[in-house]
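Let me begin by presenting the structure, written as structure tokens, before commenting on it.
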Amino acid sequence: MMKADRVMRAYRGGALYCCFLALSLLLSSCTGGSGNRERGSAAKDTTLVIAMLGDADFLNPVIGASVTSSNISGLIYPSLLQSEFDTTTGLLNFLALEKQLRPSIGGKKPEAALAKTWKMSADHKSITYILRADAFWDDGKPIVSGDFSFTYRLYGNPLIASPRQQYLAELIGADKGSVDFDRAIETPDDTTLIFRFFKPVPEHLALFHTSLTPIPAHLWKGIKPEDLRSSPLNQKPVGAGPYRLQSWGKQQELVLASNRRSNLPKPGNIALINWRIVPDYTVRLAQLQTNAVDIVENIKPEDFPSLVKANPEIEIKSVGLRVYDYVGWSNIDQAVYHKTGKTVPHPLFGSPEVRRALTMAVDREAIIDGYLKEYGTLCNTDISPSLKWAYNRSITPHSYDPAAAVSLLGKQGWKPGPDGILQKNGRKFSFVLYTNSGNARRNYASVIIQQNLKAIGIDCRLDVQESNVFFENLQNRKLDAWMAGWSIGLEIDPLDVWGSDLKKSTFNFVGYRNPRIDEICELAKGKMVQTDARPYWLEYQDIIHRDQPVTFLYWIRETQGFSKRIGGEQLNISGTFYNIDDWTLTPSATHAP
């Protein structure tokens, strides 16, 4: 699904990683077009080709939701701050040109940041940024504080329904239902940007929530909010980052060119980056083997030996743990919700006990052993073991126990019918499990899940949808059960996924509602010292593990196939393309293709 915004995601060096659905949810469709063209040595020397499962949805940070969109937008648009992740603690650091939240771990130079510095008020109710004056949009107009003020109004506009509305939850007026932008964001001059909150906000969270990516106000101010998603400007973004859009053939390829105007931090080293859309995994793998492409993500561990043997110029790299797969169970009756706006329990999945039973019925270890092997580990909740300061190590995973699952379902009134299928009040426990096309891992897992559920008397039918259709259905809450994934954020802020306000929590596809989760999130975010929130996050994980709003399957150590002609890559938990603008390509004269 969208690699969903929990893709999140990580704009280049920015504080955002927001929540985006995992890679399998990326939009995809047909093959063809230029995807099969051979490259001459001259082109290879200047063009990096990345084979992707699916296309971007929007190249607009206000509405873009897929990981592909995030990766590409992060190279096009500017960032207020840069960020780095401390693997020893699991804490995220924020950096401006002249200031940083914590001592830098790797001596990172925040040259891409728009902010020179910031100052948090003594009462923690406002944060003031001083912006650099030497940053310009690609059309030559200066990037000013007004661009942020304008863009934040778009993020908060309910007509636009940005997936990042929850980032505005502390701004003045949000507690009364609607942000008062005239008071909440001030721009005394072009280089001063002030955010004001209705309550004290810890500095790390203030930095995180106020660093949403801007778009150029002078180009977008004439677009009505209701027309923003359909605006032609979405197809020709004007940014300021190390790359600019050169061409976009939908469902075929998207080409970025090094932006010679950029000083944020500089033009990209590689002249052209071709994001080629290749929905079929075997085709992607074959193109990597024959040097038709340089990078393929999510290589099956079982394919490592043959891939490297077929082409010694390929190496496998891995990063994690940030991505997990899950089975989503609609906690509420979607039909009733769409018709009346009311939330009533789903007739199959509305009970936490039933959802726990479903988790116990799935042999998650078998999926890991059969597909991911050492690159997968059981997932208990959406707080990754990589976030060491907050991770709850005391949770005992729900074990594979079909007998216990049957017993628990029996206590909920689900008994075997004449045909062996469980039924309750005349309704069979029968449903369709949807997933998106082109993801071999999910296809493998869904078959095992289907077999596991059949063994306890549940009729689970499988349906694979084109990724763009699947994502749209998921976003519109039209599915009752599905398999998808998330790339989690490196700051813990889960209300966009589990918040009870389903209009604001746009990624709460299952309709999970628990007032204590809402309360815990607010209490945790109220701690001025981030690590002081640990007790709340431990409780949060206990509740999520108990309620099982979804069946958490496994954390994935993502495995990527890289051509050895690429130099300077630094893969880490922030993403495969973390420093892609610094990459180089070895010339073909000295490195045979």
Side-chain angles (χ1 to χ4, degrees), residues 10-13 23 26 33-56 59 67-77 112 237 239 241-249 252-260 262 265-278 283-299 307 311-319 558-572 574-593:
Y11 277 123
R12 175 190 174 356
L23 180 64
L26 298 178
S34 59
N36 297 319
R37 293 182 304 198
E38 294 297 326
R39 294 177 291 158
S41 60
K44 284 174 67 71
D45 290 348
T46 59
T47 305
L48 175 75
V49 181
I50 303 168
M52 302 295 293
L53 167 64
D55 205 349
L59 296 185
V67 168
T68 298
S69 296
S70 172
N71 288 332
I72 295 171
S73 292
L75 293 172
I76 294 175
Y77 291 97
Y243 283 89
R244 59 178 177 80
L245 180 66
Q246 176 167 291
S247 62
W248 189 1
Q252 295 183 37
E253 67 178 11
L254 193 155
V255 180
L256 300 183
S258 180
N259 184 4
R260 296 303 163 190
S262 179
K266 60 177 178 53
N269 289 343
I270 298 174
L272 297 172
I273 302 178
N274 183 333
W275 305 78
R276 182 180 296 174
I277 313 308
V278 186
V283 175
R284 294 198 299 274
L285 199 65
Q287 291 188 357
L288 183 63
Q289 288 178 329
T290 59
N291 297 314
V293 304
D294 298 300
I295 300 174
V296 171
E297 293 190 283
N298 295 302
I299 302 292
L307 176 62
N311 188 345
E313 296 305 310
I314 299 299
E315 57 185 339
I316 304 297
K317 299 177 180 289
S318 65
V319 294
E558 298 173 277
T559 49
Q560 333 291 23
F562 266 69
S563 168
K564 289 183 179 178
R565 77 190 191 100
I566 300 171
E569 69 275 23
Q570 296 177 8
L571 279 67
N572 59 41
S574 294
T576 300
F577 309 109
Y578 173 69
N579 70 326
I580 192 172
D581 55 305
D582 289 330
W583 294 5
T584 58
L585 294 177
T586 302
S588 57
T590 59
H591 193 87

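Contact check for I566 versus K564: no side-chain heavy atoms found under the 4.5 Å cut-off. Between N298 and E558, some side-chain heavy-atom pair lies under the 4.5 Å cut-off. Annotation: side chain of Q252 is not in contact with side chain of I277 (no heavy-atom distance under 4.5 Å). Within the 4.5 Å cutoff, no side-chain heavy atoms of N274 are placed close to those of I50. Side-chain atoms of L256 and L272, non-hydrogen and from C-beta on, never get closer than 4.5 Å to each other. Residues N311 and L288 are not in side-chain contact: their nearest non-hydrogen atoms beyond the backbone lie 4.5 Å or more apart. The shortest side-chain heavy-atom distance between M52 and R276 does not fall under the 4.5 Å cut-off. Considering only heavy atoms from C-beta on, Q560 comes within 4.5 Å of V319 through its side chain.
Take Q289 and apply the side-chain contact (heavy atoms from CB on, under 4.5 Å) test, not counting sequence neighbours, and it matches L307, A310. Scored by the side-chain contact (heavy atoms from CB on, under 4.5 Å) test, K317 finds E315, F562, E569, L571 as partners (sequence neighbours excluded). Evaluation of the ring-ring contact (aromatic ring centres under 6.0 Å, His included) rule for W248 yields no partner, not counting sequence neighbours. Residues that satisfy the side-chain hydrogen bond (donor to acceptor under 3.5 Å, both in side chains) test with T559, not counting sequence neighbours, are absent from this structure. Taking the side-chain hydrogen bond (donor to acceptor under 3.5 Å, both in side chains) definition, one finds that W275 meets it with nothing, sequence neighbours left out.
Judged by distance alone, with hydrogens and angles left aside, the side-chain atoms of K266 form no donor-acceptor pair with the main-chain N or O of A112 at under 3.5 Å. When atom types are taken as modelled, the side chain of N269 and the backbone of D582 share a donor-acceptor pair closer than 3.5 angstrom. Judged by distance alone, with hydrogens and angles left aside, the side-chain atoms of Y77 form a donor-acceptor pair with the main-chain N or O of L59 at under 3.5 Å. Side-chain atoms of R284 come within 3.5 Å of backbone N or O of V278 as a donor-acceptor pair. When atom types are taken as modelled, the side chain of D294 and the backbone of S563 share no donor-acceptor pair closer than 3.5 angstrom. Within the 3.5 Å criterion, the main-chain N or O of A271 finds no donor-acceptor partner in the side chain of S258. Of the possible donor and acceptor atoms, one in the side chain of S262 sits under 3.5 Å from a partner among the backbone N and O of G241.
The CD atom of Q570 lies 13.5 Å from the OG1 atom of T576; values are rounded to the nearest 0.5 Å. Taking CD1 from I273 and CG from L254, the interatomic distance works out to 10.5 Å, rounded to the nearest 0.5 Å. One finds the OG1 atom of T586 at 8.0 Å from the CZ atom of R565 (value rounded to the nearest 0.5 Å).
With F577 as the fixed residue, the side-chain contact (heavy atoms from CB on, under 4.5 Å) test singles out one of D581, I580, N579: I580.
Shown here for G54 and T68, the closest heavy-atom pair between the two residues is O-OG1, 3.5 Å. Considering all non-hydrogen atoms of both residues, L245 and P237 come closest at CD2-CD, 3.5 Å. Closest non-hydrogen pair, G249 versus D55, comes out as O-OD2, 4.5 Å. Closest approach of Y243 to I270, counting heavy atoms only: OH-O, 2.7 Å. Contact between I299 and G561 at its shortest, heavy atoms only, is CG1-N, 3.6 Å.
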